[in-house]
Engineer: 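So that we are looking at the same thing, I have put the structure below in structure tokens.
Letters A, B, ... are given to chains in the order of the sequence lines, protein chains preceding strands, and every chain is numbered from 1.
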Amino acid sequence: MPELPEVEVVRAGLAPAVTGARVIAAEVRDPRALKRHLPLGGDGAPSADGEGGHGVTLSDAAGRARAADFERRILGIRFAAPVRRGKFLWLPVAERVAPGANGAAAAERAAAAPGLALLAHLGMSGQLLLRAPEAADDRHVRIRLWIEHAEHGELRVDFADQRLFGSLALDALTAEGVPGQARHIARDPLDPRFDDAVFLQRLRARPSGVKRLLLDQTLVSGVGNIYADEALWRARLHPETSGRVLSARKAAELLGALRDVFAQALAEGGTSFDAQYVNVNGQAGYFSRSIEVYGRGGKPCSRCGGLIKRVAFMNRSSHFCPVCQRKR
DNA sequence: AGAGTGGCCTGTAGGC
DNA sequence: TGCCTACAGGCCACTC
């Protein structure tokens, strides 16, 4: 499942191939993979087509219109280095060379137009794969870009997504350089500008269970179900412990545990339980071997021997050791 | 504002 | 063998 470490592995893998590369062709095979993409209206401003988004099925006509808009506007774009915040990943547009135009004279400098980015969210099962132009199809490829890089030549960037919770989109950058759709996302704990004091204060002000708080992307980003369970185990905290009862010391310990588990997962290439998370070359990570609680219901805790408990929580599952993660 | 819930999606596993 | 159901869960829209 792509959480922060998995998305970071993808970002780092993409960087050398896409930075400075230009889009020479694009093919949207399934417009449902564009649910975050808002087509431009006649005035050049993003306009809702009244469909898509979340909880609404895209009609065929609206889907075709979105696909056409995306394919048209991405053509000729040259990417700057990829950026990540939490689980969102984006490729800022350095410039756009209008198709068919002759030479650099036709280049629209990004400074002249509002900043734009190709935004990606992998959702549950999204993958960004780098492939040779003639490589065979991977399963569930929804959107395909052909890019040209000064060093690496022609490459394919394939967005594959089995469950379609993920999406690509062209999105305008705010003044802070963050895509509009990701502006509400908090910085993540690996961001040098993450404000520990503010996070800890907000965490300790909320009465909700601490697991719910970790999954709140406006409080801290990049944490999903796996790493929330793992960080709570490391900090010896029951997932339903209220934020309000956390001591300053315990809250700081939790943040430290979160950073530790992220760093270790990153070093091990991320977590792959099945074929749904892979790096840009289609390879699995091996952090799943280091998992202590997630998916280990009924098995012994490596720390105290207690039996790991699995409980329903927010339409998913929580895993914890009832012996060394006591509710207070 | 925060809490809580439903819907989006498809492949896989397990029961019968 | 094949049909059915449950499950995986990040995010957003929605209600209260």
Side-chain angles (χ1 to χ4, degrees), chain A residues 1-8 10 29-38 48 50-59 62-63 66 84-90 119-128 138-143 159-169 171 179-186 188 201-230 239-244 270-278 288 291 293-298 310-319:
Chain A
M1 335 268 142
E3 300 181 32
L4 185 151
E6 292 75 30
V7 180
E8 176 56 22
V10 171
R29 296 184 174 185
D30 191 334
R32 292 177 299 173
L34 284 177
K35 68 181 175 184
R36 293 173 178 279
H37 178 73
L38 295 178
E51 303 198 48
H54 295 265
V56 184
T57 307
L58 210 59
S59 75
R66 270 190 204 212
R84 182 191 54 74
R85 176 177 289 191
K87 304 170 201 172
F88 281 84
L89 174 66
W90 62 91
L119 178 67
H121 196 290
L122 302 179
M124 277 296 296
S125 53
Q127 305 174 341
L128 282 166
D138 293 275
R139 293 188 79 186
H140 309 300
V141 172
R142 312 290 187 179
I143 297 173
F159 178 69
D161 190 3
Q162 176 202 105
R163 276 168 260 188
L164 287 162
F165 278 32
S167 170
L168 297 187
D171 196 13
Q181 294 192 43
R183 69 191 306 170
H184 64 290
I185 301 295
D188 59 66
Q201 185 190 0
R202 292 185 67 193
L203 182 74
R204 296 179 60 219
R206 300 259 295 260
S208 294
V210 69
K211 175 160 179 186
R212 181 183 288 275
L213 299 176
L214 285 182
L215 295 176
D216 182 345
Q217 304 294 306
T218 66
L219 210 52
V220 55
S221 68
V223 189
N225 206 36
I226 298 172
Y227 295 107
D229 283 358
E230 293 302 306
E240 286 161 29
T241 306
S242 163
R244 281 253 171 87
T271 303
S272 308
F273 287 119
D274 50 27
Q276 297 317 321
Y277 163 70
V278 293
S288 56
I291 292 279
V293 281
Y294 179 84
R296 294 194 64 246
R310 172 181 179 272
V311 296
F313 168 81
M314 284 175 78
N315 290 326
R316 47 181 73 82
S317 298
S318 274
H319 311 78

Engineer: Between A:Gln181 (CD) and C:dC11 (P), how many Å, whole number?
Structural biologist: 13 Å
Engineer: Which whole-number value in Å describes the distance from A:Arg142 CZ to B:dC8 P?
Structural biologist: 16 Å
Engineer: Excluding sequence neighbours, so at least two apart, what forms salt bridge (Lys or Arg N to Asp or Glu O under 4.0 Å) with A:Lys87?
Structural biologist: none
Engineer: Could you check which of C:dC11, B:dT10, C:dG10 has an atom nearest any side-chain atom of A:His140?
Structural biologist: B:dT10
Engineer: Specify the separation, in whole Å, of atom NE2 of A:His121 and atom P of C:dC11.
Structural biologist: 4 Å
Engineer: Would you indicate which nucleotide in B:dG11, C:dA8, B:dC9 comes nearest to any side-chain atom of A:Gln162?
Structural biologist: B:dG11
Engineer: Without swapping roles, check the side chain of A:His319 against the backbone of A:Val293 for a donor-acceptor pair under 3.5 Å.
Structural biologist: no
Engineer: Without swapping roles, check the side chain of A:Ser167 against the backbone of A:Arg36 for a donor-acceptor pair under 3.5 Å.
Structural biologist: yes
Engineer: Tell me every residue that passes side chain to side chain contact (heavy atoms under 4.5 Å, CB included) with A:Asp30, counting only those two or more places apart in sequence or in another chain.
Structural biologist: A:Arg32, A:Arg142, A:Leu164
Engineer: What is the separation between atom CG on A:Leu219 and atom P on C:dC11, rounded to the nearest whole Å?
Structural biologist: 14 Å
Engineer: In whole angstroms, how far is the P atom of C:dC11 from the CG atom of A:Leu215?
Structural biologist: 9 Å
Engineer: What is the distance, rounded to the nearest whole Å, between atom CG of A:Leu122 and atom C1' of B:dC9?
Structural biologist: 15 Å
Engineer: Return the minimal non-hydrogen interatomic distance between A:Val220 and A:Leu214, and the atom names on each side.
Structural biologist: CG1-O, 3.8 Å
Engineer: Report which part of the nucleic acid A:Arg139 touches: base, sugar-phosphate, or nothing (heavy-atom distance under 4.0 Å, all strands).
Structural biologist: sugar-phosphate
Engineer: Distances under 3.5 Å only, N/O to N/O: pair up the protein atoms with those of nucleotides 3-5 of chain B.
Structural biologist:
{"unit_1": "B:dA3", "atom_1": "OP1", "unit_2": "A:Ser208", "atom_2": "OG", "d": "2.5"}
{"unit_1": "B:dA3", "atom_1": "OP2", "unit_2": "A:Arg206", "atom_2": "NE", "d": "3.0"}
{"unit_1": "B:dA3", "atom_1": "OP2", "unit_2": "A:Arg206", "atom_2": "NH2", "d": "2.9"}
{"unit_1": "B:dA3", "atom_1": "OP2", "unit_2": "A:Ser208", "atom_2": "OG", "d": "3.3"}
{"unit_1": "B:dA3", "atom_1": "O5'", "unit_2": "A:Ser208", "atom_2": "OG", "d": "3.4"}
{"unit_1": "B:dG4", "atom_1": "OP2", "unit_2": "A:Arg212", "atom_2": "NE", "d": "3.4"}

Engineer: Test your reading of the model: is there a side-chain donor-acceptor pair from A:Arg204 to the backbone of A:Arg244, 3.5 Å cut-off?
Structural biologist: no
Engineer: With side chain to side chain contact (heavy atoms under 4.5 Å, CB included) as the test, pick out the partner of A:Ile143 among A:Leu128, A:Leu34, A:Asp161.
Structural biologist: A:Leu34
Engineer: Please determine, for the side chain of A:His184, which listed nucleotide (C:dG10, C:dC12, C:dA8) has the closest atom?
Structural biologist: C:dC12
Engineer: Is there a donor-acceptor pair closer than 3.5 Å between any side-chain N or O of A:Glu6 and the backbone N or O of A:Thr271?
Structural biologist: yes
Engineer: Among residues at least two apart in sequence or on other chains, which ones pass salt bridge (Lys or Arg N to Asp or Glu O under 4.0 Å) with A:Arg29?
Structural biologist: A:Glu27, A:Asp137
Engineer: Rounded to whole angstroms, how far apart are CZ on A:Arg84 and C1' on C:dG10?
Structural biologist: 16 Å
Engineer: I'd like to check A:His37 versus A:Leu168 (side-chain heavy atoms, cut-off strictly below 4.5 Å). Are they in contact?
Structural biologist: no
Engineer: Could you tell me whether the side chain of A:Arg163 has a donor or acceptor atom within less than 3.5 Å of a complementary atom in the base of B:dG11?
Structural biologist: no
Engineer: Whether A:Lys87 contacts C:dC11 is assessed here as follows: a side-chain N or O lying under 4.0 Å from the phosphate OP1 or OP2. Is that the case?
Structural biologist: yes
Engineer: Whole angstroms only, please: what is the CG-C1' distance between A:Leu164 and B:dC8?
Structural biologist: 9 Å
Engineer: Does any N or O in the side chain of A:Gln127 come within less than 3.5 Å of the main-chain N or O of A:Ser125, such that one atom is a donor and the other an acceptor?
Structural biologist: no
Engineer: I'd like a table of atom pairs between the protein and nucleotides 3-5 of chain C - only N or O on both sides, under 3.5 Å - with the distance next to each one.
Structural biologist:
none

Engineer: Between the side chain of A:Gln181 and the main-chain N/O of A:Asp171, is any donor-acceptor distance below 3.5 Å?
Structural biologist: no
Engineer: Using a cut-off of strictly less than 4.0 Å, decide whether A:Arg32 has a side-chain nitrogen or oxygen near OP1 or OP2 of B:dT10.
Structural biologist: yes
Engineer: Which angle, to the nearest 10 degrees, lies between the helix axes at the two ends of the helix from B:dG2-C:dC16 to B:dC16-C:dG2, each defined by five pairs?
Structural biologist: 40°
